[in-house]
Engineer: 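Dropping a structure here in structure tokens format, bear with me for questions.
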2 protein chains.
Amino acid sequence: MRAKDENKEILILESALKMIARIGLAGLKMSDLAKEAHLATGTLYIYFRDKEELIRKLYLYLLRKSSANVIQGILTNEPLKKRVNKICYNFLIYNLEGPEYGAFFEQYYRSPFFHETESVLAEETAVMQPFYELIIEGQRQGIIKETEPELLVTLICGMLETMAKVSFYSQKSISDKEWETIFSIIWDGIKS
Amino acid sequence: MRAKDENKEILILESALKMIARIGLAGLKMSDLAKEAHLATGTLYIYFRDKEELIRKLYLYLLRKSSANVIQGILTNEPLKKRVNKICYNFLIYNLEGPEYGAFFEQYYRSPFFHETESVLAEETAVMQPFYELIIEGQRQGIIKETEPELLVTLICGMLETMAKVSFYSQKSISDKEWETIFSIIWDGIKS
DNA sequence: TTGTAAAATGAATTTTTATTCATTTATATT
DNA sequence: AATATAAATGAATAAAAATTCATTTTACAA
């Protein structure tokens with residue numbers, strides 16, 4: 001007997017992610033993916049029914065990963081500003097270690113693989129839930145601008161995603177000093 | 001005699017843009033594109049050597065279009081804050097009327113069609129040039145934070161692109177009142 | 001050890017998609 | 001109105017990519 005390897009499934013997904021960031025969903029070929037993962041083409045079809053299932057599973061895999069990352073180390077008893085800082089930082093780091101993540105989502109949402117019929121939508125919004133709640137709490141305390149929380153979260157995430165992208169492509173990492181600046185821009189922007 | 005139609009070339013490019021925003025570069029088929037543009041498949045090959053040339057020309061077409069839009073109506077004698085507001089607004093409007101634009105660039109840069117060897121890079125940076133210059137002027141006047149202009153422009157564009165995207169998908173337009181809020185967030189963020 | 005069931009392989013096949021081209025249609029010029 | 005020249009057509013063909021499957025390899029159980 002021989003067991004189907006859970007790690008191999010992840011190896012394939014991570015390889016796919018890497019390739020998609022490089023050559024795009026449009027350029028992803030099963031044969032190239034197999035090469036990247038040091039496997040034969042046919043092997044891919046042992047782990048995934050077809051290309052569509054592979055891409056779909058990659059989506060779910062990344063969604064869960066990001067959800068887990070963003071809320072890491074947020075302590076309820078810290079001051080709000082500190083918690084906002086932390087969640088922003090987590091979001092940035094997550095996007096930094098893989099701007100592939102953002103790139104993938106961007107492409108996935110406008111691809112033949114994505115159909116809204118999926119029951120993933122709940123899981124999707126869940127990823128950002130802790131962020132919303134923090135903003136709302138800040139508004140209740142009168143610390144944060146009384147604008148739609150969605151608007152604020154959207155602006156912040158947009159900024160951070162873009163930051164991560166630029167930092168990645170310019171090969172420059174973001175120092176603590178720079179993070180201070182970035183966060184002050186964010187905070188000055190949203191505080192009331 | 002019969003003349004090759006300049007408008008038809010643009011019709012094809014605009015159709016491609018629309019389709020790419022919907023189904024992605026990964027999903028774009030020449031036959032579907034022909035249908036969208038109400039043409040026969042073969043006709044596409046009268047205006048473009050092949051798919052690659054079509055996509056490349058779409059890129060250049062959009063680059064020029066955006067460059068022209070962003071600097072529209074900026075008057076040198078107005079106060080700096082007003083000019084920053086104007087350029088941000090132009091950028092937002094441009095991205096609003098077509099979040100397809102952002103979507104296309106995003107996908108193009110990670111596709112088999114994009115090779116850095118192109119001499120387009122100059123044209124590319126030219127698009128954002130007026131933005132940089134405005135920020136630098138603000139820093140000279142001591143009005144704007146003394147951070148790398150690139151960082152600031154990046155943050156702002158990231159925010160605005162994201163805003164445009166969300167506004168588009170939520171089918172909600174951005175009112176003057178809301179623009180005031182958004183711009184105050186931006187301005188409070190970058191002012192020194 | 002040895003038998004065996006599942007995983008891995010990659011060439012062969014099928015499917016999809018891009019591209020061509022012989023034919024038809026439209027328009028500018030005479 | 002007749003002619004010529006280029007655009008438009010879309011079925012036929014070529015090219016590219018996905019998927020299958022007969023065969024080989026691997027790892028576990030007896």
Side-chain angles (χ1 to χ4, degrees), chain A residues 1-61 104 107-108 110-115, chain B residues 1-61 104 107-108 110-115:
Chain A
M1 235 275 286
R2 218 183 152 195
K4 195 147 89 171
D5 190 349
E6 160 77 12
N7 292 341
K8 197 152 285 177
E9 192 167 319
I10 290 177
L11 165 72
I12 294 170
L13 293 179
E14 291 282 357
S15 301
L17 178 63
K18 208 182 298 175
M19 294 204 68
I20 290 168
R22 190 160 3 105
I23 203 79
L25 208 43
L28 184 74
K29 287 179 246 172
M30 294 300 268
S31 54
D32 288 350
L33 173 55
K35 251 178 247 157
E36 173 84 30
H38 301 290
L39 294 171
T41 324
T43 311
L44 301 178
Y45 290 85
I46 292 166
Y47 292 89
F48 306 94
R49 175 186 316 289
D50 55 19
K51 195 177 176 182
E52 176 164 341
E53 183 178 292
L54 194 156
I55 300 296
R56 284 252 179 86
K57 286 203 171 162
L58 176 55
Y59 175 62
L60 278 172
Y61 169 70
F104 173 76
Q107 294 185 61
Y108 178 75
R110 342 174 142 270
S111 81
F113 303 108
F114 174 64
H115 305 298
Chain B
M1 236 274 287
R2 218 182 151 196
K4 196 146 91 173
D5 189 352
E6 161 76 11
N7 292 340
K8 197 153 285 175
E9 193 167 318
I10 291 178
L11 165 72
I12 294 170
L13 292 179
E14 291 282 357
S15 301
L17 178 63
K18 207 182 299 175
M19 294 205 69
I20 290 168
R22 190 158 5 103
I23 202 81
L25 208 42
L28 184 73
K29 288 180 247 171
M30 293 301 267
S31 54
D32 288 350
L33 172 55
K35 251 178 248 156
E36 173 84 29
H38 301 290
L39 295 170
T41 325
T43 311
L44 301 178
Y45 290 85
I46 291 167
Y47 292 89
F48 305 93
R49 176 186 314 290
D50 54 19
K51 194 176 176 183
E52 176 164 341
E53 183 178 293
L54 194 156
I55 301 296
R56 284 252 178 86
K57 286 202 171 163
L58 176 54
Y59 175 61
L60 278 173
Y61 169 70
F104 173 76
Q107 293 186 61
Y108 179 75
R110 345 176 141 268
S111 82
F113 302 108
F114 174 64
H115 305 298

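Source: prediction; values computed, not measured. The basis for the numbers below is simple: all heavy atoms, side chains too, and nothing from hydrogens, waters or symmetry mates. By convention in this document, chain letters (A, B, ...) are assigned in the order of the sequence lines, proteins followed by strands, and residues within each chain are numbered from 1.
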Engineer: Output the rounded distance in Å from CG (A:Asp50) to C1' (C:dT15).
Structural biologist: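 Roughly 13 Å, once rounded to whole Å.
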
Engineer: Between atom CD1 in B:Ile55 and atom P in C:dT19, what is the gap in whole Å?
Structural biologist: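 It is 11 Å, rounded to the nearest whole Å.
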
Engineer: Between D:dA17, C:dT19, D:dG10, which one does the side chain of A:Lys29 approach most closely?
Structural biologist: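 Among the listed nucleotides, the one closest to the side chain of A:Lys29 is D:dA17.
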
Engineer: Contact between A:Met30 and A:Leu54 at the side-chain level, heavy atoms closer than 4.5 Å - yes or no?
Structural biologist: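 Side-chain contact under 4.5 Å: yes.
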
Engineer: May I have the distance from A:Leu11 (atom CG) to C:dA7 (atom P), rounded to whole angstrom?
Structural biologist: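 After rounding, the reported distance stands at 16 Å.
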
Engineer: Whole-Å distance between D:dG10 C1' and B:Asp32 CG?
Structural biologist: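 For the pair B:Asp32 CG and D:dG10 C1', the rounded distance is 15 Å.
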
Engineer: Go nucleotide by nucleotide along DNA chain D from the 5' end; which of A:Thr43 and A:Leu28 gets its closest nucleotide reached first?
Structural biologist: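 So the residue in question is A:Leu28.
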
Engineer: From C-beta outward on B:Tyr45, which listed nucleotide comes closest to its side chain: C:dT20, C:dT9, D:dA18?
Structural biologist: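 Comparing C:dT20, C:dT9, D:dA18 against the side chain of B:Tyr45, the answer is C:dT20.
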
Engineer: Starting at atom CG of A:Leu44, determine the distance to atom C1' of D:dC21, rounded to an integer number of angstrom.
Structural biologist: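 After rounding, the gap between these two atoms is 15 Å.
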
Engineer: In terms of side-chain heavy atoms of A:Lys51, which of C:dA18, D:dT9, D:dT19 is nearest?
Structural biologist: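 The listed nucleotide nearest to A:Lys51's side chain is D:dT19.
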
Engineer: Relative to the ring of A:Tyr108, is the ring of A:Tyr59 parallel (under 30°), tilted (30 to 60°) or perpendicular (over 60°)?
Structural biologist: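 Parallel: the ring planes of A:Tyr59 and A:Tyr108 meet at under 30°.
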
Engineer: Within this structure, what is the CZ-to-P distance between B:Phe48 and D:dA7, rounded to whole angstrom?
Structural biologist: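 One finds 14 Å between P of D:dA7 and CZ of B:Phe48, rounded.
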
Engineer: Would you mind reading off the distance between B:Lys35 atom NZ and C:dT17 atom P, rounded to a whole angstrom?
Structural biologist: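 Taking NZ of B:Lys35 and P of C:dT17, I get 11 Å after rounding.
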
Engineer: Take atom CD1 of A:Ile46 and atom C1' of D:dT26, then tell me their distance rounded to the nearest Å.
Structural biologist: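 It is 12 Å, rounded to the nearest whole Å.
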
Engineer: For B:Tyr47 and D:dA7, is the shortest distance between a side-chain N/O and OP1 or OP2 below 4.0 Å?
Structural biologist: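 No, no such contact exists.
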
Engineer: How long is the straight-line distance from CG of A:Leu13 back to NZ of A:Lys18, given to the nearest 0.5 Å?
Structural biologist: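 If I round to the nearest 0.5 Å, the distance is 12.5 Å.
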
Engineer: Compare all side-chain heavy atoms of A:Ile55 with those of A:Leu28 and state whether any distance is below 4.5 angstrom.
Structural biologist: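 Of all side-chain heavy-atom pairs linking A:Leu28 with A:Ile55, at least one is under 4.5 Å.
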
